[in-house]
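Report on the structure given below.
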Amino acid sequence: MNKDIEDLLPALVALRRDLHAHPELAFEERRTSSVVAVALRDCGLKVHEGIGGTGVVGVLRKGNSTRMVGLRADMDALPMREDTGRPYVSRHPGVHHGCGHDGHTAMLLGAAQQLARAGSFDGSIAFIFQPAEEGRGGAREMVRQGLFDRFPCESVFALHNWPDLPAGTVATRPGPIMAAADRFDIVVRGQGGHAAQPHRTPDVVLAASQLVAQMHTIVSRRIPPTQNAVLSVTRISGGQSHNVLPAAVELTGTVRSFDAGVQDTIEQAVRDVAAGVARASGTAIEVEYTRYYPATINSPEHAQLALEAARSVGLETQVAETPAFTSEDFAFMLQQRPGAYLWLGQRGSNHAAPLHHPSYDFNDDVLACGVRWFTAVAQMALR
Ligand SMILES: [Zn+2]
Ligand SMILES: [Zn+2]
């Protein structure tokens with residue numbers, strides 16, 4: 001790389017703010033994906049649209065090698081209000097780039113521009129812009145529609161801005177970096193009846209209470225102490241009166257884990273505990289257990305490469321001690337191809353808000369860090 005990126009930055013800041021002002025929800029990123037496609041074509045890339053709905057892939061080829069590496073950014077915003085007071089505030093009320101995917105998209109476009117004009121590598125780089133990272137599985141959809149059959153990447157990399165780290169610092173770790181996220185929805189059913197005659201109907205309130213207590217023993221009693229997981233019951237509802245035993249109580253909650261075996265154990269244990277409580281209480285208990293995202297698992301070799309690439313462009317690097325309990329759709333890509341996911345520090349004096357907060361805004365000061373890291377990691381992966 002013989003040319004720096006400074007001259008690209010003013011236009012990238014403008015692009016990021018334009019995306020911020022026009023946020024779009026999962027699988028509705030039509031304007032965003034057309035901005036992406038135009039920008040990729042402008043740098044001479046071959047562009048493929050409509051993969052996984054609104055997903056876009058641009059391919060940059062240099063030299064003769066058939067090797068290919070993938071870089072991923074996410075494009076969607078969140079259904080939430082914005083309270084940043086910025087001049088480029090969202091023009092779509094109730095939709096906010098509260099997770100900084102506007103910044104991710106701008107950084108990957110900046111990397112495409114830089115690698116197209118000054119990249120030095122032999123092979124192809126696939127710039128993958130995915131829809132619907134926020135809970136709707138846009139990455140899963142792209143993979144399902146043949147992403148890696150059409151673009152046979154040998155490895156794949158992504159980053160997420162990280163308000164817990166200062167701007168200029170990055171972190172990742174070998175193995176799990178983000179959690180698997182599951183959800184359970186449970187209905188405890190009886191017949192209902194008079195509260196003064198509890199012997200004439202199964203008591204669904206008592207059964208639900210026992211179920212909550214039992215479920216909270218699953219992590220501490222069934223998962224080895226060396227493994228991590230969280231189970232939280234987040235909603236319990238049923239009944240309307242002080243003297244009527246209700247006919248049903250509903251429970252909802254979430255499970256986070258970092259290992260497929262642990263995830264399997266917890267799901268089975270939730271079902272077993274529900275079956276046991278149902279039998280003991282004479283209720284009928286239905287369990288719906290939904291796995292949203294698997295754990296995001298870095299290959300040790302690619303996690304190291306991600307940190308080396310960051311050091312090579314002057315970023316402070318840390319090996320994260322623990323993974324985060326939030327989850328990430330990029331996990332579906334890492335199930336198909338080895339690679340790594342990097343946290344890009346973004347905290348600054350004017351950027352202290354956490355992700356998914358109404359006053360969160362992506363820190364444009366770190367655009368350059370992300371562009372440099374993407375360009376470095378792609379070229380190093382193709383060495
Ligand atoms: Zn998010
Ligand atoms: Zn995000």
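Residues take their numbers from the sequence shown, with the count starting at 1. For ligands, and for the atoms within them, numbers begin at 1 and follow the listed sequence.
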- [ ] Might you work through the side chain to side chain contact (heavy atoms under 4.5 Å, CB included) test for Val233 and Phe184, ending with a clear yes or no?
- [x] CA-CA 9 Å; Val233 178; Phe184 53 83; 4.0 Å; yes
- [ ] Verify side chain to side chain contact (heavy atoms under 4.5 Å, CB included) between Leu40 and Val56, making sure each step is shown before the conclusion.
- [x] CA-CA 10 Å; Leu40 291 173; Val56 182; 4.1 Å; yes
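Nearest to the Zn ion (ligand 1), among the N, O or S atoms that Glu134 has, is OE2. Looking at His101 and the Zn ion (ligand 2) together, the shortest N, O or S contact belongs to NE2.
Angle subtended at the Zn ion (ligand 2) by His160 NE2 and Cys99 SG: 100°, rounded to 10 degrees.
Proximity of the aromatic rings of Phe258 and Phe325 is defined here by a centroid distance below 6.0 angstrom, and this criterion is met.
No donor-acceptor contact under 3.5 angstrom links the side chains of Thr169 and Glu316, judged on distance only.
The Zn ion (ligand 2) has no N, O or S atom of His104 under 2.8 Å away, backbone or side chain.
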